[in-house]
Trainee: 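Can you keep this structure in mind? I'll have questions shortly.
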Amino acid sequence: MISKILYRGAEAEIRLSEYMGKTVVTKHRVNKAYRIKEIDRQLIAYRTKEEAKLIAEARSHGVSVPLLYDIDLVKGAITMEYLAGSRVKDILNSIRESERKQLCVKIGESIARLHNHDIIHGDITTSNMIYLDDRIHFIDFGLGCKSSELEDRGVDLHVLMEASESTHSKYSHCFKDVLVGYTKQFQGDASAVVEKIEDIVRRGRYR
Amino acid sequence: MICLGIEGTAHSIGVGIITNVKGHCQILANLIKTYQPEKGGIHPREAANHHATFIAPLLSQSVQAAGVDFADVDLISFSQGPGLGPCLRTAVTAARALALSLEKPLIGVNHCVAHLEIGRGTVHGCHDPVLLYVSGANTQVIGFAEGKYRVFGETLDVGIGNCLDKFGRAIGLDFPCGPKIEKLAETGTQYLPLPYSIKGMDLAFSGLLTMAEHYVREGERIQDVCHSLQETTFAMLTEVTERAMAHTEKQEVLLGGGVASNKRLRAMVQTMAQDRGASFFVPSRDVCVDNGAMIAWLGCLMYESGLRMSLEDSLINQRFRTDMVEVTWRD
C-alpha cells in the first residue's frame with residue numbers, strides 16, 4: 001500500500017493511500033510528546049470518535065463531507081474519501097472579486113445547513129474547506145460538537161471571521177457575504193446569530 | 001540613541017535603559033520593583049500607590065546603574081497599555097514629567113508587543129517568532145502576519161497566571177502562587193481529569209479552575225491537583241501555539257511574560273518546537289517578566305522607524321489591542 005503524506009498539520013498527519021482499491025485519505029492524529037500520556041490518549045480517542053460521528057451525521061443531512069471508510073480509535077485514525085479539490089484558503093485571495101463573493105455566499109449556506117441540524121463545526125477556517133465540484137466540502141470536525149445553543153453557533157461563525165481577518169485581511173469584508181448565504185439558508189433566527197457574533201466581538205478582552 | 005523605558009501595567013514598576021547596537025538591544029540598566037499584596041490579589045489603586053512611591057528613586061538608581069546622566073537620555077518610552085488603569089496612569093505621568101523636564105521626545109508602546117520585540121532584540125537567532133505570551137493578566141499567542149501583530153489565540157476569560165493565582169489563593173498559598181504550584185506539581189503523581197477547554201484558537205480557564213477547586217474540596221492530594229492543573233493548561237497553551245505556528249508557517253517560538261519562568265511550560269513548548277523542527281527561544285528572566293528595558297527597546301524601534309507622539313497621543317489605553325499597533329519597523 002503506497003502511502004504519501006499530503007499534509008502535516010499541527011494535530012494530525014493526512015496521508016494519501018489505497019484502501020480496498022480506492023484512493024483514500026487517512027487522518028491520523030499523532031501522539032504529542034509534550035503532553036502526558038493520559039491527556040494525549042484521551043484527547044486523541046475523543047477527538048477521533050467525535051469527528052467521525054459528526055462527519056457521518058453531516059453527510060446524512062446533505063452537507064458535503066468526505067465519505068468515511070474506517071475508524072481506529074486506538075491509533076487515532078480516520079480513513080475517508082480523498083477530495084481532489086483546493087483548500088479555500090489557497091484560492092480565496094487569488095480569485096476574482098465576483099467569484100469570491102459567490103464562494104463566500106456558498107460558505108455561509110453550507111454553515112447554515114450544518115447549524116440547521118445542530119452540528120457545530122468548531123474550527124471553521126478557510127484551511128478546513130475544500131472547493132470541489134462547485135461545492136464547499138467541510139473537513140476537520142475534530143473540535144466540533146452537537147449543540148443548538150445560540151452561543152455555539154455564534155462562536156462557530158466568529159472563528160471564521162477571526163480567521164479571515166488574520167489570513168485574508170485584504171478581503172475580510174467578504175465575511176458579510178458569508179452571512180448573506182447563512183441568513184438565506186438558516187432555518188432559525190439568523191439575525192439573532194449575527195447579533196451574537198457582534199456580542200462575542202464586544203466581549204473579547206481589551207475590546 | 002539611549003532610550004529610557006518605564007513599565008507600569010500591573011504589579012511591577014520598572015525602569016530600563018538601553019541602546020540599539022546594530023539591531024541588537026544592549027541593556028544598560030533594568031530595575032524592577034514589584035508590589036507584593038499582603039493578602040489576596042493585586043488591588044489596582046494600592047499597586048498604583050506603590051508605583052508612585054518608588055518611581056522617582058527607581059529612575060535615579062537606573063541612570064546611576066547605567067553609568068549615564070539624565071541629560072544623556074534621548075528618548076522616554078512608557079507602557080501605554082494594556083493594563084490596570086491606575087498603574088498605567090502613574091507610569092505615564094512619570095514618563096511625561098521626565099520627558100517635559102528633559103525636553104526629550106516621548107513614546108508610548110504596547111506592552112504585549114514589547115514582550116515579543118525584546119525576544120527579537122536580545123535572543124540570538126530569534127527573528128520572526130510566534131510569541132506565547134503568558135502572564136497574570138495576559139495570555140495571547142501573537143505573530144507578525146500581513147503587516148501587523150496579530151493575536152492568533154487568547155484567553156476568553158482570565159490569564160493563565162491569574163488562573164494559577166486564583167487556585168493558589170483558594171488553597172491558601174501566598175501571592176505569587178505560580179512558583180509554589182510549580183513546586184507542588186513536581187511531586188504530583190496522579191492525573192485528575194480536567195476539562196480541556198479550547199474554542200477554536202481561544203482558551204478558557206474558568207471551568208478548569210472550578211474543577212480543580214472541587215478536587216481539593218473532595219480531598220485529592222494538592223500535589224496531584226497542581227500537577228493536573230499544570231499539565232492540562234500548559235498542554236492547551238502548547239497546542240494553540242503549535243496551531244498558530246502551523247497556520248503561519250513560522251519556525252520559531254518565543255516565550256514571554258511571568259509564567260514563562262515555569263520550567264514545565266518551557267519544557268513542553270520546547271518539546272513541541274523540537275518535534276516540529278522549529279527553534280525555541282526564551283529571553284533571560286529579567287526581560288521575561290514585566291520590565292522597563294523591553295519598553296525602552298520597543299520605543300527605540302518605533303522612534304527610529306519615524307514614529308512620533310505628541311503629549312496628546314500619550315493617553316493610556318487599558319484595552320490596547322495588540323493588532324492596533326502600527327508596525328512601522330518591520331517589513
Side-chain angles (χ1 to χ4, degrees), chain A residues 7-12 29-44 46-47 89 93 120-128 140 142-145 147 151-152 154-172 200-207, chain B residues 81-83 112 137-140 143 145-148 150-159 190-194 196 198-202 227-228 231-232 234-236 238-248 267-276 317-324:
Chain A
Y7 178 65
R8 203 177 255 130
E11 193 177 2
R29 279 179 166 78
V30 297
N31 298 98
K32 294 287 179 181
Y34 68 77
R35 56 195 181 205
I36 53 175
K37 286 196 178 56
E38 293 93 324
I39 295 179
D40 196 46
R41 282 192 202 124
Q42 219 249 347
L43 209 56
I44 287 172
Y46 176 78
R47 286 181 178 174
K89 177 185 184 198
N93 289 351
I120 304 296
H121 182 277
D123 193 13
I124 305 182
T125 67
T126 51
S127 305
N128 288 335
D140 199 353
L143 295 174
C145 63
S147 169
E151 171 77 19
D152 293 322
V155 170
D156 219 13
L157 284 158
H158 179 251
V159 170
L160 177 61
M161 191 179 101
E162 293 275 276
S164 355
E165 281 170 15
S166 304
T167 323
H168 307 282
S169 51
K170 278 198 210 74
Y171 310 108
S172 57
I200 293 166
V201 171
R202 267 195 299 269
R203 224 190 288 156
R205 300 184 86 232
Y206 306 135
R207 271 177 240 249
Chain B
C112 308
N138 296 300
T139 293
Q140 294 183 1
E146 298 187 27
K148 275 198 144 107
R150 295 177 192 276
V151 180
F152 287 96
E154 62 183 324
T155 174
L156 292 170
D157 43 41
V158 294
Q190 193 198 359
Y191 176 67
L192 302 160
L194 288 168
Y196 191 94
I198 296 184
K199 283 187 178 189
M201 285 282 276
D202 292 326
H227 164 70
S228 307
E231 290 304 318
T232 313
F234 295 171
M236 285 162 56
T238 309
E239 176 165 30
V240 173
T241 307
E242 177 161 34
R243 297 215 263 137
M245 288 169 75
H247 190 71
T248 58
M268 276 179 139
V269 178
Q270 184 163 30
T271 302
M272 177 275 285
Q274 268 163 10
D275 288 349
R276 298 188 64 75
N317 183 354
Q318 284 173 263
R319 297 170 192 278
F320 196 170
R321 288 288 300 169
T322 304
D323 45 26
M324 296 302 291

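Since this is a predicted model, take the numbers as computed values, not measurements. Order of the sequence lines fixes the chain letters, A, B, ..., with proteins taken first and strands second; residue numbering starts at 1 for each chain.
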Trainee: Is there a side-chain contact between E38(A) and E231(B) (heavy atoms, below 4.5 Å)?
Mentor: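 The answer is no; the side chains never approach within 4.5 Å.
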Trainee: Looking at CZ of R150(B) and OG of S169(A), how far apart are the two atoms once the value is rounded to the nearest 0.5 Å?
Mentor: 4.5 Å
Trainee: Testing the basics here: between R243(B) and D123(A), what is the closest heavy-atom pair and its distance to 0.1 Å?
Mentor: NH1-OD2, 3.5 Å
Trainee: With a 6.0 Å cut-off (strictly less than), is the heavy-atom count around CD of Q42(A), excluding the residue itself, greater than 12?
Mentor: no
Trainee: Considering only heavy atoms, which portion of L43(A) lies under 4.5 Å from any heavy atom of chain B: side chain, backbone, both, or neither?
Mentor: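 Only the side chain of L43(A) comes within 4.5 Å of chain B.
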Trainee: How far apart are the closest heavy atoms of K170(A) and E146(B), and which atoms are they?
Mentor: N-OE1, 4.5 Å
Trainee: Using non-hydrogen atoms only, which part of F152(B) is less than 4.5 Å away from chain A: side chain, backbone, both, or neither?
Mentor: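 Answer is side chain: those atoms of F152(B) sit under 4.5 Å from chain A.
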Trainee: Would you mind reporting whether I36(A) and H227(B) have side-chain heavy atoms less than 4.5 Å apart?
Mentor: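 They are in contact (side-chain heavy atoms under 4.5 Å apart), so the answer is yes.
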Trainee: Hey, what do you get for CG (D323(B)) to CD (E165(A)), rounding to the nearest 0.5 Å?
Mentor: 8.5 Å
Trainee: M272(B), R276(B), M245(B), E239(B): which one forms the most heavy-atom pairs within less than 4.5 Å of chain A?
Mentor: E239(B)
Trainee: Is there a side-chain contact between D275(B) and Y34(A), using heavy atoms and a 4.5 Å cut-off?
Mentor: no
Trainee: Given that the side chain runs from C-beta out, which part of T232(B) has a heavy atom under 4.5 Å from chain A: side chain, backbone, both or neither?
Mentor: both
Trainee: Determine whether H247(B) and K89(A) make a side-chain contact, defined as any pair of heavy atoms from C-beta on separated by less than 4.5 Å.
Mentor: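 The answer is yes; the side chains approach within 4.5 Å.
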